[in-house]
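These notes are about the structure you will find just below.
In this text the structure is predicted, and so the values were computed from the model without any measurement.
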Amino acid sequence: MIKLSIYTTLGCHLCAQLEALVTTLANQPVDLRRIEISEDDALVERYGVRIPVLLDEQGEELDRGFDLARLSQWLEQRGWLDEAALATLTNPPAPTPPVGAHQRNGRRFLG
């Protein structure tokens, strides 16, 4: 199990995005401890404009982890990256046309 911490605050949409990406890209279950910065002035000073910040057990931080390339590289360096999940995110399947659809005079109709 991967044990990580995330510096966050209530209503942080980027933090929620990072949490979802970590869970999706990790090659094993993730134990994610949320650290609320608004309750500690020192944490607000240090992380207030940087959240979300991801932290591993060795104390290594990742700023802007919601950026797919940065997060996947950080996870890969630790041996935690699920390559298949990354490929799915970076190469989504081609959209399929609706069943029974047909075109006539440049317009698409459902059948």
Side-chain angles (χ1 to χ4, degrees):
M1 177 167 288
I2 302 169
K3 294 186 182 226
L4 299 172
S5 298
I6 182 171
Y7 289 99
T8 185
T9 195
L10 184 64
C12 174
H13 70 283
L14 294 176
C15 300
Q17 181 181 349
L18 175 56
E19 288 183 34
L21 278 174
V22 166
T23 302
T24 301
L25 291 175
N27 61 8
Q28 53 191 294
V30 176
D31 178 19
L32 191 60
R33 182 178 73 122
R34 290 165 191 83
I35 302 170
E36 175 60 51
I37 68 167
S38 68
E39 300 168 358
D40 184 319
D41 290 340
L43 292 178
V44 169
E45 180 69 27
R46 183 171 179 182
Y47 296 105
V49 296
R50 296 174 47 207
I51 61 170
V53 175
L54 204 56
L55 182 72
D56 68 13
E57 287 187 294
Q58 287 71 43
E60 296 289 323
E61 295 180 351
L62 173 67
D63 287 0
R64 297 186 326 271
F66 50 84
D67 177 81
L68 184 59
R70 291 175 58 78
L71 177 60
S72 56
Q73 180 183 20
W74 194 79
L75 291 171
E76 184 178 38
Q77 290 171 347
R78 288 154 181 77
W80 297 336
L81 181 63
D82 181 341
E83 297 283 343
L86 178 61
T88 300
L89 288 177
T90 55
N91 302 313
T96 56
V99 175
H102 63 279
Q103 284 193 336
R104 186 174 45 202
N105 296 330
R107 299 181 82 187
R108 187 169 53 175
F109 297 90
L110 298 177

Q.
If we ignore hydrogens and angles and just use 3.5 Å, is the side chain of Arg34 paired with the main-chain N or O of Ser5 as donor and acceptor?
A. no

Q.
Other residues, nucleotides and ligands only: do more than 12 of their heavy atoms fall within 6.0 Å of CG on Asp41?
A. no

(Q) A side-chain contact here means heavy atoms from C-beta on lying under 4.5 Å apart; do Asp82 and Leu25 qualify? (A) no

Q) Between Thr9 and Glu36, is any pair of side-chain heavy atoms under 4.5 Å apart? A) yes

Q: Answer yes or no: does atom CD of Gln28 have more than 12 heavy-atom neighbours from other residues, nucleotides or ligands under 6.0 Å?
A: yes

Q.
If you compare all heavy atoms of Cys12 against all heavy atoms of Ile51, which two are closest, and at what distance to 0.1 Å?
A. SG-CD1, 4.1 Å

Q.
How long is the straight-line distance from CD of Gln17 back to CG of Leu68, given to the nearest 0.5 Å?
A. 9.5 Å

Q. Do Arg33 and Ile6 come within less than 4.5 Å of each other through their side chains, counting heavy atoms only?
A. no

Q) When rounded to the nearest 0.5 angstrom, what is the spacing between CG in Leu86 and OG in Ser72? A) 5.0 Å

Q.
Please find the pair of heavy atoms, one from Asn27 and one from Gly79, that lie closest to each other, and give the distance.
A. ND2-O, 3.0 Å

**Q.** Residue pair Ile37 / Thr8, side-chain heavy-atom distance below 4.5 Å
**A.** no

May I have the list of side-chain donor-acceptor pairs in residues 54-61 shorter than 3.5 Å, sequence neighbours left out?
{"residue": "Asp56", "atom": "OD1", "partner": "Gln58", "partner atom": "N", "Å": "3.0"}
{"residue": "Asp56", "atom": "OD1", "partner": "Gly59", "partner atom": "N", "Å": "3.1"}
{"residue": "Asp56", "atom": "OD1", "partner": "Glu60", "partner atom": "N", "Å": "2.8"}
{"residue": "Asp56", "atom": "OD2", "partner": "Arg78", "partner atom": "NE", "Å": "2.7"}
{"residue": "Asp56", "atom": "OD2", "partner": "Arg78", "partner atom": "NH2", "Å": "3.3"}
{"residue": "Glu61", "atom": "OE1", "partner": "Arg50", "partner atom": "NH2", "Å": "2.7"}
{"residue": "Glu61", "atom": "OE2", "partner": "Arg46", "partner atom": "NH2", "Å": "3.1"}
{"residue": "Glu61", "atom": "OE2", "partner": "Tyr47", "partner atom": "OH", "Å": "2.4"}

Q: Please tell me if the side chains of Leu4 and Val30 come closer than 4.5 Å, counting only heavy atoms from C-beta onward.
A: yes

Q | Side chains of Tyr7 and Pro52 in contact at under 4.5 Å (non-hydrogen atoms) | A | no

**Q.** Inter-residue atom distance Leu81.CG - Gln73.CD, 0.5 Å rounding
**A.** 10.5 Å

